[in-house]
Visitor: 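Dropping the structure in here first, questions after.
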Amino acid sequence: MHKYRTHNCNQLRLSDVGHAVRLSGWVFRVRDHGNLLFVDLRDHYGLTQVVIDKDSSAFALIQGVKLESVIRVDGKVLARKADQINSNLPSGEIEVRAEEIELMSEAAELPLPVAGNAEYPEEIRLRNRFLDLRREKLHANIVLRSQVIASLRRRMIDQGFTEFQTPILTASSPEGARDFLVPSRLHHGKFYALPQAPQMFKQLLMVAGFDRYFQIAPCFRDEDARADRSPGEFYQLDFEMSFVTQEDVFNAIEPVLHGVFEEFRGGKHVTPPPFPRIAFKDSMLKYGSDKPDLRNPIVISDVTEVFRGGGFGVFAKAIEEGSVVRAIPAPGAGVRARSFFDGTNQWAKDEGYAGLGYINFKGGEGGGGVAKNLGPERVAQLVSQMQLGPDDGVFFACAKPNVAAKLAGLARTRVGQELDLIEKNTFKFCWIVDFPMFEWDELEQKVIFSHNPFSMPQGEMNALETQNPLDILAFQYDIVCNGIELSSGAIRNHKPEIMYKAFEIAGYDRSVVDEQFRGMINAFKYGAPPHGGSAPGVDRIVMLLADEPNIREVILFPMNQKAEDLMMGAPSEVSPKQLRELGIRFIGDTKPQS
RNA sequence: GGGGUCGUAGCUCAAUUGGUUAGAGCACCGGACUGUCGAUCCGGAGGUUGCGGGUUCGAGCCCCGUCGACCUCGCCA
């Protein structure tokens with residue numbers, strides 16, 4: 001007989017009745033009847049009920065055993081009587097009558113219960129992650145993550161992609177997120193950086209002629225956390241392809257994402273390919289976001305012209321000064337109490353905006369101050385343009401275009417949630433395309449790269465030389481699912497002259513490009529194929545499939561919001577000897593700069 | 001760095017809005033019980049109400065400060 005087990009805890013069935021077996025696992029639950037005692041024995045695979053009778057030599061031992069102790073049970077498989085069958089358990093038709101039990105590892109009193117599905121503070125969960133990971137939901141999430149990654153790999157390989165590993169210790173790069181730096185022992189005063197993404201490496205792989213690359217790539221960014229952004233590190237399905245147009249990239253990845261979502265969708269509907277393509281400009285107008293949640297049926301309209309020179313003075317005046325008006329319909333909300341409208345207005349103010357105007361229609365009659373001052377003719381124009389129903393509500397965001405779009409987008413989400421309009425049980429995908437190449441930085445008062453400096457501008461050199469930089473679009477695209485940005489990608493700029501020109505527009509001298517992007521710009525001078533790719537976030541894909549609102553629920557050992565690992569105690573101080581070797585002296589400033 | 005929510009037993013929560021000795025469930029310890037599957041029943045132990053100060057006859061509750069957690073803005077090409 002095997003030293004530890006002949007079967008796992010989810011293996012025994014009626015066909016095993018009568019056999020002598022050996023099981024090992026954790027004591028999940030105990031039901032003590034004094035002269036008869038039940039133990040639910042748990043391992044990775046499931047549960048088996050163990051029965052211990054008073055006559056058994058194991059009885060005394062098991063009566064004092066603590067939950068989550070690890071035991072080995074020798075016994076016989078018995079069929080349960082009809083009224084004792086537990087139909088919730090795959091092994092519920094049998095039980096194991098224990099003859100001998102060995103306590104292999106005793107558990108102390110638990111800081112965190114493993115049984116049950118109550119919620120517990122993250123600090124305790126993270127500090128005792130090994131216990132938290134024993135719990136059913138988290139355990140299942142992590143297994144799901146592994147299966148999703150295996151599926152992604154298989155699907156990419158089936159599509160003709162080849163997996164490569166790129167360096168973890170690399171060079172710091174300008175722009176983008178803050179780098180994690182690693183000091184060099186051999187070169188005092190110099191640092192490696194952990195890659196924010198294998199961006200340049202994958203492009204170099206294209207130059208090297210590998211044609212189709214992918215990698216489940218670890219990425220490191222020293223930025224603050226969010227519910228959907230893990231601090232420090234995360235994983236991307238990073239891929240790149242040679243001799244492709246934007247459409248080729250879409251056609252390659254859509255079946256992979258659609259396939260993996262279909263495989264693990266849990267009964268939900270998945271957008272079939274081709275996914276809708278929405279221009280960035282249209283997305284900002286209609287959804288007030290570059291990552292629209294298409295489960296929300298509300299569509300925003302621009303109604304600036306209805307208000308221009310009209311009787312609603314606040315808006316009319318703002319429009320003269322360059323503001324626009326965006327209208328957010330609230331279907332069927334017209335009959336709601338005034339508190340709904342005033343509450344939404346107050347919410348907008350609390351978010352730091354000027355507020356939201358509104359009209360509430362009741363039986364086709366527009367109510368509220370906006371309708372009164374605007375006059376029946378213009379209200380009728382609104383109804384016709386927006387195709388409003390007789391009992392709809394409508395909110396108005398009036399501000400400079402960028403701000404109005406953002407507020408309208410937030411209001412769209414809020415109204416959709418309040419009115420319970422968000423479609424359930426569905427994964428709605430779309431591409432956001434035609435991102436602007438550059439944007440205006442109000443703070444620095446200069447033109448900056450809008451997304452990725454390596455993207456090819458639409459119109460290439462001609463566009464850079466002849467168009468207003470702020471009007472130039474890039475072959476840059478994001479893939480969005482249910483309002484979550486899964487990835488961003490681009491057709492890359494593989495021509496050094498266009499690269500120099502693009503960086504020049506963003507205020508970087510040729511020498512800066514040569515220095516900061518030396519490896520890549522140099523490579524492009526020796527025959528570079530046109531190429532492009534993208535990098536869907538693996539953690540976010542799993543998060544969607546596991547239906548978890550927080551990314552830490554799909555990561556084995558996540559750090560907390562302050563980027564600390566409470567279990568391992570990272571980051572930690574290091575010895576003076578280590579610092580000396582690195583040529584580093586700590587100056588005693590313990591507060592981070594901001 | 002700004003804003004929000006929270007902080008009471010090992011864990012989840014309560015405490016009639018400022019009033020007697022801060023309660024309950026789970027877990028833990030002891031006892032009863034041979035068919036439970038969130039076992040049940042009886043009993044026990046467990047608390048500087050995050051920390052510091054203030055107001056008050058009296059503070060878990062009000063005020064000030066501070067620490068921590070999460071959410072969020074900034075940030076994330």
Side-chain angles (χ1 to χ4, degrees), chain A residues 28-41 47-56 59 63-64 66-68 78 80-89 91-92 95 97 107-128 131 173-179 196-197 199-200 219-232 234 347 350-353 406 410 435 437-439 441 443 448-455 474 476 485 488-490 502-503 506 508 516-517 537 549-550 552 560-562 564 566 591-594:
Chain A
F28 186 52
R29 271 192 275 258
V30 177
R31 294 175 291 281
D32 183 352
H33 289 244
N35 292 313
L36 177 75
L37 192 145
F38 300 94
V39 170
D40 288 339
L41 192 67
L47 291 178
T48 297
Q49 173 163 285
V50 177
V51 195
I52 303 101
D53 197 280
K54 191 176 184 134
D55 305 334
S56 165
F59 192 79
Q63 234 187 351
K66 295 237 183 17
L67 294 183
E68 292 305 312
L78 301 180
R80 299 201 200 180
K81 290 181 191 156
D83 60 336
Q84 293 167 5
I85 288 171
N86 184 348
S87 53
N88 298 320
L89 227 54
S91 68
E95 61 195 7
R97 182 159 295 253
E109 188 177 344
L110 300 171
L112 179 80
V114 173
N117 46 14
E119 290 188 33
Y120 299 97
E122 277 226 284
E123 187 179 355
I124 289 167
R125 296 181 54 199
L126 293 179
R127 204 180 285 282
N128 301 280
L131 286 178
S173 66
E175 300 262 331
R178 267 186 288 269
D179 285 319
Q196 295 180 22
Q199 181 67 34
M200 283 192 269
C219 304
F220 306 90
R221 297 179 191 175
D222 189 2
E223 295 292 350
D224 290 347
R226 284 291 180 279
D228 65 351
R229 200 198 304 159
S230 140
F234 60 98
W347 159 82
D350 292 343
E351 293 283 311
Y353 297 91
K406 195 167 179 191
L410 293 171
F435 276 85
M437 184 80 196
F438 301 101
E439 63 187 42
D441 186 334
L443 228 66
I448 58 170
F449 284 110
S450 173
H451 254 64
N452 185 325
F454 306 126
S455 302
Q476 164 87 43
E485 180 191 319
S488 131
F503 274 88
Y508 293 95
Q516 303 283 3
F517 306 107
N550 193 304
R552 290 186 294 273
N560 68 6
Q561 198 174 36
K562 286 164 113 177
E564 295 165 314
L566 297 175
K591 283 255 192 260
Q593 292 194 341
S594 59

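Convention: sequence-line order gives letters A, B, ...; per-chain numbering from 1.
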Visitor: Strictly by Watson-Crick or wobble contacts shorter than 3.5 Å, is anything paired with B/C75, and which nucleotide is it?
Guide: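 B/C75 is paired with nothing.
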Visitor: Using the P atoms only, state how far B/U20 lies from B/A59, rounded to an integer number of Å.
Guide: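 It works out to 12 Å between them.
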Visitor: Between A/Ile124 and A/Ser488, which has a closest nucleotide on RNA chain B that is more 5'?
Guide: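 Comparing both residues, the 5'-ward one is A/Ile124.
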Visitor: For atom P, what is the distance between B/G53 and B/G46, given to the nearest Å?
Guide: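 Approximately 26 Å lies between the P atom of B/G53 and that of B/G46.
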Visitor: Does B/G44 pair with anything, Watson-Crick or G-U wobble, both distances under 3.5 Å, and if so, with which nucleotide?
Guide: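 Across any shown strand, B/G44 pairs with B/C28.
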Visitor: Could you go step by step and tell me if A/Phe517 and A/Phe503 meet the ring-ring contact (aromatic ring centres under 6.0 Å, His included) rule?
Guide: CA-CA 11 Å; A/Phe517 306 107; A/Phe503 274 88; 5.2 Å; yes
Visitor: Using the P atom on both, measure B/G10 against B/A22 and round to a whole Å.
Guide: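 It works out to 16 Å between them.
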Visitor: Search all heavy atoms of A/Asn88 against all heavy atoms of A/Asn86 and return the closest pair with its distance.
Guide: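 It is N-OD1, 2.9 Å.
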Visitor: Looking only at the side chains, is there a donor atom on one of A/Gln49 and A/Arg29 sitting less than 3.5 Å from an acceptor on the other?
Guide: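 Per modelled atom types, A/Gln49 and A/Arg29 side chains form no pair under 3.5 Å.
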Visitor: Treating primed atoms plus P, OP1 and OP2 as sugar-phosphate and everything else as base, which nucleotides of nucleotides 24-37 of chain B get B, S or - for protein heavy atoms under 4.0 Å?
Guide: ---BSS---BBBBB
Visitor: With syn defined as a glycosidic angle within 90° of 0 and anti as everything else, classify B/U17.
Guide: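 Base orientation: syn.
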Visitor: Take atom P in B/U12 and the same atom in B/C75, then report the distance between them in whole Å.
Guide: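 B/U12 and B/C75 have their P atoms separated by 35 Å.
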Visitor: Which residues satisfy the side chain to side chain donor-acceptor pair (under 3.5 Å) test with A/Asp179, sequence neighbours excluded?
Guide: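 Side chain to side chain donor-acceptor pair (under 3.5 Å) check on A/Asp179 returns A/Ser172, A/Gln196.
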Visitor: Charged N to carboxylate O under 4.0 angstrom, A/Asp40 versus A/Arg31?
Guide: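 So A/Asp40 pairs with A/Arg31 through a salt bridge.
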Visitor: Between B/C76 and A/Arg221, counting only base atoms on the nucleotide and side-chain atoms on the residue, is there a donor-acceptor pair under 3.5 Å?
Guide: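 Donor-acceptor pair under 3.5 Å: no.
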Visitor: Name the pairs: protein N/O against N/O of nucleotides 70-73 of chain B, kept only if under 3.5 Å.
Guide:
residue	atom	partner	partner atom	Å
B/C70	OP1	A/Gln561	N	3.2
B/C70	O3'	A/Arg552	NH2	3.0
B/C71	OP1	A/Asn550	ND2	2.7
B/C71	OP1	A/Arg552	NH2	2.7
B/C71	OP2	A/Gln561	NE2	3.3
B/U72	OP2	A/Ala227	N	3.0
B/C73	OP2	A/Arg226	NE	2.9

Visitor: Identify, with sequence neighbours excluded, every residue that meets side chain to side chain donor-acceptor pair (under 3.5 Å) alongside A/Gln561.
Guide: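 Side chain to side chain donor-acceptor pair (under 3.5 Å) list for A/Gln561, sorted by chain: empty.
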Visitor: When you compare B/U72 with B/C11, how far apart are their C1' atoms, in angstrom units rounded to a whole number?
Guide: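 Their C1' atoms lie roughly 28 Å apart.
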Visitor: For nucleotides B/G19 and B/G58, find the distance between their P atoms and express it as a whole number of Å.
Guide: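 The same atom, P, in both gives a distance of 15 Å.
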Visitor: Look for any protein N or O under 3.5 Å of an N or O in nucleotides 41-50 of chain B and output each such pair with its distance, or none.
Guide:
none

Visitor: Using a cut-off of 4.0 Å on non-hydrogen atoms, how would the nucleic acid contact of A/Ser450 be classed: base, sugar-phosphate, or nothing?
Guide: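 Here A/Ser450 touches the backbone only, sparing every base.
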Visitor: With A/Arg221, which residues qualify under side chain to side chain donor-acceptor pair (under 3.5 Å), at least two apart?
Guide: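 A/Arg221 satisfies side chain to side chain donor-acceptor pair (under 3.5 Å) with no other residue.
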